[in-house]
Amino acid sequence: MLKMGTLLITRVTANLTNFFKGKAVVLPPTLAGPVHNLGGGGPDVDEAIQWMINQVRGSTNNAAKVDVIVIRVSGNSDYNRLIYAMKGVNSVETLVVSSRQEANKAEIVEKVRNAGVIFFAGGDQCQYIRNWKGTKLENAVETVYNRGGGIGGTSAGAMIQSDYIYDACASSTNGIETRDALEDPYRDITFTYNLFKWNNLQGTIIDTHFDRRERMGRIMTFIARQIKDGVSKSALGIAVSESTSLVVDKNGLAKVIGKGAAYFVLGDHQPEVCEPRTPLTFSNYKIWRVKSGDTFNLRNRPISGYYLRSVKKGRIDSNPY
């Protein structure tokens with residue numbers, strides 16, 4: 001029998017590591033979501049994780065508790081202690097799932113399906129996609145969402161929540177940054193579709209580490225590609241700064257929590273020039289900068305309050321931040 005408050009580390013298979021804290025309930029409680037927590041990377045915003053837990057519980061004051069599953073392809077159990085100390089948490093378990101075989105294991109799928117909150121740690125979104133897309137693990141996460149659970153993540157774990165995912169699978173480095181993306185919108189830039197289909201994140205592409213790594217031109221390129229490639233007539237970029245989270249309630253109202261801002265970048269027409277080996281030209285992106293504490297309605301998107309920025313021959317016309 002596992003005692004409450006102890007930490008158990010077990011080796012389930014040669015490659016699958018499972019870290020556990022608390023005591024999981026047999027039957028999951030009624031959940032009040034679905035909701036999201038999209039972290040921008042860097043230090044986690046504890047308040048945003050607690051917000052997601054509270055939303056799923058349905059209140060900040062009731063006695064309901066939820067089980068939380070943290071999923072990653074590598075790493076440790078650092079989240080266990082942090083999350084287990086939060087209000088309304090019954091148990092926390094970190095699953096290191098690093099292959100498709102592991103993502104189809106019945107014991108893993110059952111743990112995920114019975115959780116109330118799923119949190120994807122930061123890492124490499126390409127590895128997440130290669131190891132999890134089209135597996136029973138993916139279906140189990142969707143089951144949690146459909147039951148009204150919370151789906152969160154930070155850095156790469158937030159990026160895989162979007163409808164259109166920059167997967168970084170074609171890059172030999174850690175990914176393409178703004179300068180190279182604007183100079184050639186097609187070189188080493190690939191996307192993954194149909195990983196998860198979240199109602200309030202349809203038509204979006206998420207980017208993180210935004211201010212610190214000056215990624216505005218990068219997300220502008222990603223947006224232009226969706227339109228040029230015929231994926232959609234418009235695309236909304238959701239860009240979250242480090243030490244910042246964007247939380248989204250079940251009605252699609254997004255709120256910024258943390259030290260930085262979030263940016264919502266809309267491309268709603270064909271780019272003038274978006275071709276391989278040619279600098280991007282795309283006029284009049286609509287940009288909303290939403291500071292900490294403010295909101296943006298994803299379901300009923302605003303039609304005012306934005307500023308315009310254009311890209312001409314691979315250069316943004318003025319400061320986009």
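Quick caveat: nothing in here was measured; it's all calculated off a predicted structure. For the single chain, residues carry numbers from 1 onward in sequence order. Atoms considered below: every heavy atom in the structure, side chains included; atoms not considered: hydrogens, waters and symmetry mates.
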Side chain to side chain contact (heavy atoms under 4.5 Å, CB included) between Ser245 and Trp51, intermediate numbers included: CA-CA 11 Å; Ser245 283; Trp51 177 93; over 6 Å; no
Assigning hydrophobic clusters by single linkage (Ile, Leu, Val, Met, Phe, Trp, Tyr; side-chain heavy-atom cutoff under 4.5 Å), is Val290 placed with Leu253? no
Please enumerate all residues that pass disulfide (SG to SG under 2.5 Å) together with Cys126, with sequence neighbours excluded. Cys169
salt_bridge(Glu275, Lys228) N-O dist < 4.0 Å: yes
Give me the atom names and distance for the closest heavy-atom approach of Ile160 to Gln125. CG2-CB, 3.8 Å
Would you compute the distance between atom CD1 of Ile108 and atom NZ of Lys136 and round it to the nearest 0.5 angstrom? 13.0 Å
OH-OG1 distance between Tyr79 and Thr154, expressed to the nearest 0.5 angstrom: 5.0 Å
For Ile71 and Leu137, run side chain to side chain contact (heavy atoms under 4.5 Å, CB included): C-alpha distance rounded to whole Å, both residues' side-chain angles, the deciding distance at 0.1 Å, then the answer. CA-CA 10 Å; Ile71 308 177; Leu137 174 65; 4.0 Å; yes
With a 4.5 Å limit on heavy-atom distance, are the side chains of Phe120 and Val141 in contact? yes
Which heavy atom in Thr178 sits nearest to a heavy atom in Arg218, and how many Å separate them? OG1-N, 3.1 Å
Please report the shortest heavy-atom distance between Pro271 and Cys274, naming the atom on each side. CG-CB, 3.7 Å
Answer yes or no: is there a side-chain heavy-atom contact under 4.5 Å between Tyr166 and Arg225? no
Should the ring pair Phe282 and His269 be called parallel, tilted or perpendicular, given that the plane angle runs from 0 to 90° and is split at 30 and 60? tilted
Could you pull out all residues at least two apart from Asp46 that satisfy salt bridge (charged side-chain N to carboxylate O under 4.0 Å, His left out)? none
Residues Gln50, Asn54; criterion side chain to side chain donor-acceptor pair (under 3.5 Å); working and verdict: CA-CA 6 Å; Gln50 181 69 75; Asn54 288 340; 3.0 Å; yes
Sorted by chain and number, sequence neighbours left out, salt bridge (charged side-chain N to carboxylate O under 4.0 Å, His left out) with Glu138 holds for none
So if you build clusters from Ile, Leu, Val, Met, Phe, Trp, Tyr with side-chain heavy-atom gaps below 4.5 Å, do Val273 and Val311 land together? no
With a 4.5 Å heavy-atom cut-off, do Val117 and Ile83 have their side chains touching? no
More than 12 heavy atoms of other residues, nucleotides or ligands under 6.0 Å from CD of Glu272: yes or no? yes
Chi angles and distances behind the side chain to side chain contact (heavy atoms under 4.5 Å, CB included) call for Ile205, Phe191: CA-CA 10 Å; Ile205 185 162; Phe191 302 94; 3.7 Å; yes
Quick one: pull up CD in Gln226 and OG1 in Thr204 and give me the separation to the nearest 0.5 Å. 10.0 Å
Are there more than 12 heavy atoms of other residues, nucleotides or ligands under 6.0 Å from atom CD of Gln270? yes
Quick check for you: to the nearest 0.5 Å, what is the distance between Arg309 atom CZ and Asp317 atom CG? 6.5 Å
Which atom names give the shortest non-hydrogen contact between Val35 and Lys250, and what distance separates them? CG1-N, 3.9 Å
d(Thr208 OG1, Glu242 CD) to nearest 0.5 Å is 8.0 Å
Can you give me the closest heavy-atom contact between Met86 and Ile49, atom names plus distance? SD-CG2, 3.7 Å
What do the steps show when you test Val97 against Asn131 for side chain to side chain contact (heavy atoms under 4.5 Å, CB included), and what is the final call? CA-CA 8 Å; Val97 184; Asn131 289 318; over 6 Å; no
Can you name the salt bridge (charged side-chain N to carboxylate O under 4.0 Å, His left out) partners of Glu183, sequence neighbours left out? Arg315
Between Asp163 and Lys197, does any side-chain N to carboxylate O distance fall below 4.0 Å? yes
Side-chain donor-acceptor contact under 3.5 Å, Arg212 with Ser241: no
Side-chain heavy atoms of Tyr285 within contact of Pro320, under 4.5 Å: no
Check whether any side-chain heavy atom of Leu95 lies under 4.5 Å from a side-chain heavy atom of Glu93, and answer yes or no. yes
Cluster link Val231 to Met159, ILVMFWY, side chain under 4.5 Å: yes
Look at the aromatic rings of His36 and Trp198 and report parallel, tilted or perpendicular, splitting at 30° and 60°. tilted
Are Met220 and Tyr186 joined in one hydrophobic group, where the rule is that I, L, V, M, F, W and Y side chains link up if heavy atoms are under 4.5 Å apart? no
Is it true that a side-chain atom of Tyr128 and a backbone atom of Lys133 form a donor plus acceptor pair closer than 3.5 Å? no
Do Trp132 and Val109 sit in the same hydrophobic cluster, where Ile, Leu, Val, Met, Phe, Trp and Tyr count as joined when their side-chain heavy atoms come under 4.5 Å apart? no
Checking side-chain polar atoms at under 3.5 Å, does Thr135 have a donor or acceptor matched by the opposite partner on Asn104? no
Report yes if the side chains of Ile129 and Leu195 come closer than 4.5 Å at any heavy-atom pair, otherwise no. yes
Would you check if the side chain of Arg57 reaches a backbone N or O of Asn62 as a donor-acceptor pair within less than 3.5 Å? yes
Show me, pair by pair, the donor-acceptor contacts under 3.5 angstrom made by side chains of residues 258-268, not counting sequence neighbours?
residue: Tyr263; atom: OH; partner: Asp211; partner atom: OD1; Å: 3.4
residue: Tyr263; atom: OH; partner: Arg289; partner atom: NE; Å: 3.1
residue: Asp268; atom: OD2; partner: Lys286; partner atom: NZ; Å: 3.0

Look up atom CG in Asp180 and atom CG in Asp184, then write down how far apart they are to the nearest 0.5 Å. 9.0 Å
Can any side-chain N or O of Arg72 pair as donor or acceptor with the backbone N or O of Asn76 at less than 3.5 Å? yes
Closest heavy-atom pair and its distance - Val70, Ala121: CG1-CB, 4.5 Å
Would a 4.5 Å heavy-atom cut-off, applied to side chains only, mark Asn284 and Ser310 as touching? yes
Taking salt bridge (charged side-chain N to carboxylate O under 4.0 Å, His left out) as the definition, give me every residue that meets it alongside Lys87, ordered by chain and number, with sequence neighbours left out. none
Side chain to side chain, Lys233 and Ile227, heavy atoms closer than 4.5 Å: no
